[in-house]
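Sequence lines set the chain letters: A, B, ... in the order given, protein chains first and strands last, and positions in each chain run from 1. Computed over heavy atoms, backbone and side chain alike; hydrogens, waters and symmetry mates excluded.
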Amino acid sequence: MDASWRDHLVDEGDGTMRIKAHGAMRVDARLVTDMGHMMRHGDDRGPEQLVNTASLPGIVGEAWAMADWHYGYGFPIGGVVATDVNEGELGGAVSPGGVGFDINCGVRFLALDATKDDIPNLKKLAGRLAGRIPAGGSGKGGVDLSRQDLNELLMGGASAALDLGFGLDSDLPMLESKGCLPTQEANVSQRAVERGLKSLGTLGSGNHFLELQTVGQVVDERTATAWGLHEHQLVAMIHSGSRGLGHQVCTDHVRSLESTYRQTDQGWTNDAWGYTLADRQLAAAPIHSREGQAYLDAMNAAANFAFANRAVLAERLRTVLRLELGVDGEARTLYDVAHNIAKVEDHHVNGKGCTCCVHRKGATRAFGGDHPEVASVFSTTGQPVVVPGDMGTGSWVMAGPINGSNQAFGSSCHGAGRALSRAQAKKLLDGKTLKRDLENRGIRVHASTPNVLSEEAPDAYKNVDDVIKLTQRAGLARPVARMNPLAVIKG
DNA sequence: ATGTGC
């Protein structure tokens with residue numbers, strides 16, 4: 001990799017910077033950023049990775065990095081890369097690295113008809129949540145599933161979870177893709193199955209969390225009202241994904257695809273498909289090839305497991321809220337978004353219709369209110385875009401366009417974005433001090449290890465408010481309301 | 001992100 005992209009960098013002055021196509025790039029790259037933001041994030045590897053993705057076969061439009069971009073596996077986190085599914089004989093590329101290891105990592109956002117004053121005892125509530133929400137690397141505490149149950153979940157996602165007794169009928173329309181992506185065979189490896197049988201309803205570790213929050217500042221009153229949100233209201237975010245099952249699906253397909261590439265003077269080449277990639281971690285298959293279809297089918301099954309996982313976590317949260325708040329504890333799902341996914345969608349590229357495989361890796365869909373996939377309750381506002389920040393600072397809910405799409409294939413940022421690597425954060429930040437500071441501010445924190453607190457400390461992340469401002473400036477989504485943390489359960 | 005390595 002090289003840093004020559006700096007010679008091709010242009011500030012567009014609209015909250016984005018462009019890297020003009022050079023070398024093997026087929027399209028320009030575009031970062032949601034400005035010079036100040038770029039300077040504060042000295043790691044060149046993210047833009048380098050974005051440049052690499054711009055040479056993927058079939059790529060259309062521009063290779064995008066959302067405002068929370070940072071270094072990832074092959075593709076940067078925050079990457080939005082679309083390929084034409086009708087290019088050539090077998091279609092454009094689909095790449096497991098463009099989705100990431102935590103397939104359908106995402107956020108469920110719930111709202112209560114209550115305020116902080118309705119909580120009899122926050123400390124007790126937080127303690128009970130910590131007791132009921134299995135978190136951390138151990139993977140203990142998941143629902144014991146039969147092989148048959150797991151298969152239903154892989155095929156049916158949140159709707160299958162509902163059939164097993166997790167969730168409410170009224171949840172389903174509020175989930176991206178109604179909580180179910182199409183899979184023919186749910187053909188995931190035996191190893192992936194074994195990892196799925198015990199992990200349903202567990203949070204995981206790293207940046208995954210469950211957070212009880214209050215609505216702080218409402219900046220778009222009309223939209224907030226349409227969504228039933230108001231200042232001081234209690235809300236909750238559940239951030240989790242497909243756990244070990246999705247990780248295994250990604251590992252299986254990354255390994256088998258990477259093994260079809262050999263090193264050449266230009267990079268990494270697959271002779272059968274005539275693909276040459278700058279980085280082996282971009283390993284990709286044509287979308288209509290056997291390998292491409294096998295990946296997409298397994299990826300969708302893993303995505304369904306993630307939708308089901310968030311449904312079970314929501315059920316566990318609801319149980320605690322009912323116990324602690326009584327009738328005030330009813331929580332409705334406002335929305336549930338996927339952060340790590342590849343989807344076949346219709347978009348306009350250079351004024352022409354194009355059916356694309358849109359990779360969103362650490363990026364959220366942000367469709368307009370008139371899109372047929374968006375529930376009719378959002379027709380006058382655009383879809384909710386849930387953007388968790390970090391545990392000390394706060395989180396946002398944004399909205400997609402009222403009508404139509406945006407210039408990044410209907411996408412927006414997914415969080416604050418790391419500013420420090422986990423290793424740097426562990427070295428520089430002290431978890432115990434952080435916990436004390438947060439609790440002095442009235443925020444209850446339960447974490448499975450002190451390390452996770454330093455790795456996930458506010459200072460390890462970019463400023464979420466800056467990320468939201470850039471996203472708005474780039475015209476990708478508009479801020480609706482900012483949430484303040486109240487109780488945090490971390491893996 | 002991850003039964004934190006192949």
Side-chain angles (χ1 to χ4, degrees), chain A residues 46 49 68-79 95-107 134-145 150 188-210 238-259 280-281 298-299 302-303 305-307 309-310 313 337-342 359-364 388 390-391 414-418 420-427 447-456 460-461 489-491:
Chain A
Q49 289 184 318
D68 48 337
W69 55 270
H70 58 100
Y71 176 70
Y73 186 90
F75 288 56
I77 313 294
S95 172
V99 172
F101 280 84
D102 192 1
I103 294 166
N104 190 7
C105 183
V107 186
S138 80
K140 290 201 176 100
V143 178
D144 217 349
L145 292 172
L150 179 60
V188 307
S189 66
Q190 185 55 34
R191 240 177 143 175
V193 165
E194 280 159 17
R195 295 177 75 170
L197 285 172
K198 302 219 174 293
S199 58
L200 187 77
T202 63
L203 204 52
S205 60
N207 65 356
H208 289 165
F209 67 80
L210 182 148
I238 298 170
H239 181 193
S240 187
S242 50
R243 311 289 289 104
L245 183 144
H247 191 276
Q248 191 64 47
V249 166
C250 182
T251 301
D252 293 341
H253 288 264
V254 159
R255 271 194 203 149
S256 97
L257 276 179
E258 284 185 358
S259 73
R280 198 185 198 189
Q281 293 182 357
M299 183 206 69
F305 185 78
F307 280 128
N309 188 37
R310 292 197 288 276
L313 287 164
V337 293
H339 282 161
N340 289 2
I341 199 76
H359 302 73
R360 293 191 183 90
K361 179 185 189 176
T364 306
D390 58 73
M391 59 185 152
H414 88 306
R418 291 203 81 84
L420 299 177
S421 71
R422 292 186 184 283
Q424 285 172 314
K426 254 184 287 200
K427 203 184 289 179
S448 60
T449 66
N451 265 350
V452 82
L453 286 179
S454 44
E455 289 177 20
E456 297 299 318
Y461 282 86
I489 312 300
K490 291 291 291 183

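For the pair A/His247 NE2 and B/dG5 C1', the interatomic distance rounds to 11 Å; values are reported in whole Å. One can place CD1 of A/Ile103 at 12 Å from P of B/dT2, the figure rounded to the nearest angstrom. In this structure, A/Glu455 atom CD and B/dT2 atom C1' are separated by 12 Å, rounded to whole Å. Remark: P of B/dC6 and CZ of A/Arg191 are 10 Å apart, rounded to the nearest angstrom. When rounded to the nearest whole Å, the span between CZ of A/Arg243 and P of B/dT2 equals 5 Å. At whole-Å resolution of the value, OH in A/Tyr73 and P in B/dT2 are 17 Å apart. Nucleotide B/dT4 holds its P atom 16 Å from the NE2 atom of A/His208, rounded to whole Å. For the pair A/Asp252 CG and B/dT2 C1', the interatomic distance rounds to 13 Å; values are reported in whole Å.
Paired with A/Tyr461 under the rule side chain to side chain contact (heavy atoms under 4.5 Å, CB included), one option of A/Met391, A/His70, A/Glu456 passes, and it is A/Glu456.
A/His339 and A/His414 have perpendicular rings, their planes meeting at more than 60° on a 0 to 90° scale where under 30° would count as parallel.
Residues satisfying the side chain to side chain donor-acceptor pair (under 3.5 Å) test with A/Ser205, not counting sequence neighbours, are none. For A/Arg243, there are no salt bridge (Lys or Arg N to Asp or Glu O under 4.0 Å) partners at least two apart in sequence or on another chain.
Using a 4.0 Å heavy-atom distance criterion, A/Gly241 is classed as making no nucleic acid contact. No contact: A/Gly100 has no heavy atom under 4.0 Å from any strand. Residue A/Gly246 is out of contact with every strand shown, counting any heavy-atom pair closer than 4.0 Å.
Take the nearest nucleotide of DNA chain B for A/Arg255 and for A/Glu456: the residue whose nucleotide is more 5' is A/Glu456.
Remark: A/Glu455 CD to A/Leu420 CG distance equals 11.5 Å, nearest 0.5 Å.
Residue A/Arg422 places no side-chain N or O under 4.0 Å from the OP1 or OP2 atom of B/dT4. Under 4.0 angstrom from either OP1 or OP2 of B/dT4 there lies no side-chain N or O belonging to A/Ser205.
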